[in-house]
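Here is the structure we will look at.
The analysis underlying the following values was restricted to heavy atoms, covering all of them including side chains, and did not include hydrogens, waters or symmetry mates.
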Amino acid sequence: MMEKMNAKVFLTVAEEGSFRKAAEVLGYTQAGISYIISTMEELTGLCLFVREHGGVRLSAEGAALLPLFRQMNHCECQLKQAIDELNGLEKGVVRVQVFDSISIHWIPGIIKKFHADYPAVKIELITEEDSLRAEEMVLSGEVDCGFFLTAVSAKLEVFPLIEESLKAIVSLEHPLAGQKYFPVSALGNYPFISMKYDDNTGIREIFRSRGVTPDTAFYMDNDYASMAMVSKNLGYCIFPELLLQDMPYELHCMEFDEPQKRTISIGTRSMDTCSKACKKFIEYTRSWVEENMKKSTAGLA
């Protein structure tokens with residue numbers, strides 16, 4: 001029975017919420033995905049997905065099995081990687097959790113350097129902005145390693161990469177636009193545009209530590225859409241300096257009068273048990289950041 005249990009297909013359908021989208025991601029036909037899931041349901045005697053108009057969702061039974069399918073997929077990936085390494089092949093796959101600013105400003109340079117030495121190793125990037133969810137992905141084996149913000153679980157082996165400033169951005173018409181610093185005492189005095197994952201990125205802590213309730217005008221889930229809202233003087237945002245490089249809008253970027261910092265790290269479950277390719281990717285990331293980033297964070301005007 002187990003040879004017909006396809007963890008990769010199950011997880012992709014669960015993530016995409018659609019047989020069609022899962023087929024596109026995996027290079028199957030939609031009928032092929034449907035057949036695999038139906039076969040798994042027949043073998044287990046369980047309904048794993050609820051079919052709905054426009055897509056599918058995990059059933060209660062499917063949700064209960066989700067952690068086990070993640071473990072199964074992780075073990076299969078580890079097995080394949082180990083076989084490749086025992087055969088002396090410098091190939092394999094490294095699944096890396098990233099967030100937007102890393103994807104834009106770091107990953108292209110890191111992968112270019114990595115692929116110069118290991119061109120046969122495939123890098124799969126999975127975007128997740130929520131730091132807590134990112135930790136869960138590494139712990140469960142959904143990804144091999146990931147980039148983290150703020151405090152990280154002691155269950156992970158983590159390497160700090162850089163400390164970056166958190167800055168406020170306002171429109172050129174904002175009352176504080178002529179100031180060099182954004183006063184933390186004024187955090188609650190102006191409309192604030194909140195990002196969906198502020199709670200887990202260190203930004204919400206700026207308010208919480210001072211007992212300030214932000215005057216939230218909008219909740220957003222796209223960084224550049226938020227910048228567009230700021231450009232129309234609909235509120236101010238707080239962003240890390242890395243994301244503020246090459247802003248697509250003319251905005252005023254301000255340090256806080258009490259500097260606010262957060263740490264970006266990379267980590268895995270264990271450097272002793274992760275694959276050679278994963279270990280090398282982490283090493284190359286640390287080296288690239290050391291060479292390229294620590295001397296380029298002097299600040300944004």
Exercise. Would you check if F239 and S226 make a side-chain contact, meaning some heavy-atom pair closer than 4.5 Å?
Key: yes
Practice problem: Treat each ILVMFWY residue as a node, draw an edge where side-chain heavy atoms are under 4.5 Å apart, and state whether Y190 and L172 are in one component. | Solution: no
Exercise. Go through the steps to decide whether C278 and T268 satisfy the test side-chain contact (heavy atoms from CB on, under 4.5 Å), and finish with yes or no.
Key: CA-CA 9 Å; C278 175; T268 185; 4.1 Å; yes
Practice problem: Working to the nearest 0.5 Å, report the span between CG of N6 and OH of Y35. | Solution: 12.0 Å
Quiz item: Are side-chain heavy atoms of D144 and V96 found at a separation under 4.5 Å?
Solution: no
Quiz item: Any side-chain heavy-atom pair from M220 and M229 closer than 4.5 angstrom?
Solution: yes
Self-check item: Salt-bridge present (R57, E52; N to O < 4.0 Å)
Solution: yes
Quiz item: How many angstroms lie between CD in Q260 and CD1 in I238, if you round to the nearest 0.5 Å?
Solution: 8.0 Å
Exercise. Determine yes or no for a side-chain-to-main-chain donor-acceptor pair under 3.5 angstrom, with K21 supplying the side chain and E16 the backbone.
Key: no
Quiz prompt | CA sep, side-chain torsions, deciding dist, call: V94, E124, side-chain contact (heavy atoms from CB on, under 4.5 Å) | solution = CA-CA 6 Å; V94 183; E124 290 186 0; over 6 Å; no
Exercise. Could you tell me how the ring of F182 sits relative to the ring of H174: parallel (under 30°), tilted (30 to 60°) or perpendicular (over 60°)?
Key: tilted
Quiz item: Can you find a pair of side-chain heavy atoms, one from L58 and one from V13, that are under 4.5 Å apart?
Solution: no
Quiz item: Between T29 and F19, is any pair of side-chain heavy atoms under 4.5 Å apart?
Solution: no
Exercise. First locate atom OH of Y28, then atom OG1 of T12, and finally report the distance between them rounded to the nearest 0.5 Å.
Key: 8.5 Å
Quiz item: Which pair of heavy atoms, one from L251 and one from S231, lies closest together, and at what distance?
Solution: CD2-CA, 3.5 Å
Practice problem: Quick one: closest heavy-atom pair of P183 and L176, and the distance? | Solution: CD-CD1, 4.1 Å
Practice problem: To the nearest 0.5 angstrom, please state how far the CZ atom of F10 sits from the CG atom of L65. | Solution: 6.0 Å
Practice problem: Give a yes or no on whether the backbone of V184 and the side-chain of D257 come within a donor-acceptor separation of less than 3.5 Å. | Solution: yes
Quiz prompt | Check ion pair R262-E164 (N to O, under 4.0 angstrom) | solution = yes
Quiz prompt | Check: V170 main-chain N/O paired with H252 side-chain donor or acceptor under 3.5 Å | solution = no
Exercise. Using the side-chain contact (heavy atoms from CB on, under 4.5 Å) rule, take F207 and L187 through it: C-alpha gap first, then chi angles, then the decisive distance, then the call.
Key: CA-CA 7 Å; F207 296 92; L187 284 168; 3.9 Å; yes
Exercise. Give a yes or no on whether the backbone of K261 and the side-chain of S165 come within a donor-acceptor separation of less than 3.5 Å.
Key: no
Quiz prompt | Closest contact, heavy atoms only, S194 versus T216 | solution = CB-CG2, 3.9 Å
Self-check item: L125-F114 co-clustered via ILVMFWY side chain contacts under 4.5 Å
Solution: yes
Quiz item: Between Y224 and D100, does any side-chain donor sit less than 3.5 Å from a side-chain acceptor?
Solution: no
Quiz item: So, Q179 side chain and Y181 main chain: donor-acceptor pair closer than 3.5 Å or not?
Solution: no
Quiz item: Between E258 and R210, is there a side-chain N and carboxylate O pair less than 4.0 Å apart?
Solution: yes
Quiz item: Does any non-hydrogen side-chain atom of E291 lie less than 4.5 Å from one of S287?
Solution: yes
Quiz prompt | Lys/Arg-Asp/Glu bridge criterion (N-O < 4.0 Å) met for R208, E205 | solution = yes
Quiz item: Between V50 and I36, is there a shared hydrophobic cluster once you connect ILVMFWY residues whose side-chain heavy atoms come closer than 4.5 Å?
Solution: no
Self-check item: SB check R20 E24 (cutoff 4.0 Å)
Solution: yes
Quiz prompt | Interatomic distance, L242 atom CG to I102 atom CD1 [nearest 0.5 angstrom] | solution = 5.5 Å
Exercise. Given side-chain contact (heavy atoms from CB on, under 4.5 Å), test I169 with L244 step by step and report yes or no.
Key: CA-CA 9 Å; I169 57 169; L244 297 176; 3.7 Å; yes
Self-check item: ILVMFWY network linking M195 to Y219, side-chain heavy atoms under 4.5 angstrom
Solution: no
Quiz prompt | pair D215-F192: side-chain heavy atoms closer than 4.5 Å | solution = no
Quiz item: Which distance, rounded to the nearest 0.5 Å, do you find between the OG1 of T285 and the CD1 of I266?
Solution: 4.0 Å
Quiz item: Between E136 and R133, is there a side-chain N and carboxylate O pair less than 4.0 Å apart?
Solution: yes
Exercise. May I ask you to test the C237-M227 pair for a side-chain heavy-atom distance under 4.5 Å?
Key: no
Quiz item: Do any N or O atoms from the side chain of Q97 and from the backbone of E128 form a donor-acceptor pair under 3.5 angstrom?
Solution: yes
Practice problem: May I ask you to decide whether R51 forms a salt bridge with E41, counting only side-chain N to carboxylate O separations under 4.0 Å? | Solution: yes
Quiz item: Counting N and O atoms only, with roles assigned by atom type, does the side chain of N73 sit under 3.5 Å from a partner on the main chain of F69, one being a donor and the other an acceptor?
Solution: no
Quiz prompt | E142: which of R95, K8, R70 passes salt bridge (charged side-chain N to carboxylate O under 4.0 Å, His left out) | solution = R70
Self-check item: F148: which of L161, L156, T263 passes side-chain contact (heavy atoms from CB on, under 4.5 Å)
Solution: L156
Exercise. Consider only side-chain N and O atoms of S275 and K280, and report whether a donor and an acceptor are under 3.5 Å apart.
Key: no
Quiz item: Between the main-chain N or O of M271 and the side-chain N or O of E157, is there a donor-acceptor pair closer than 3.5 Å?
Solution: yes
Quiz item: Which atom pair, heavy atoms only, marks the closest approach of A7 to E76?
Solution: CB-OE1, 4.4 Å
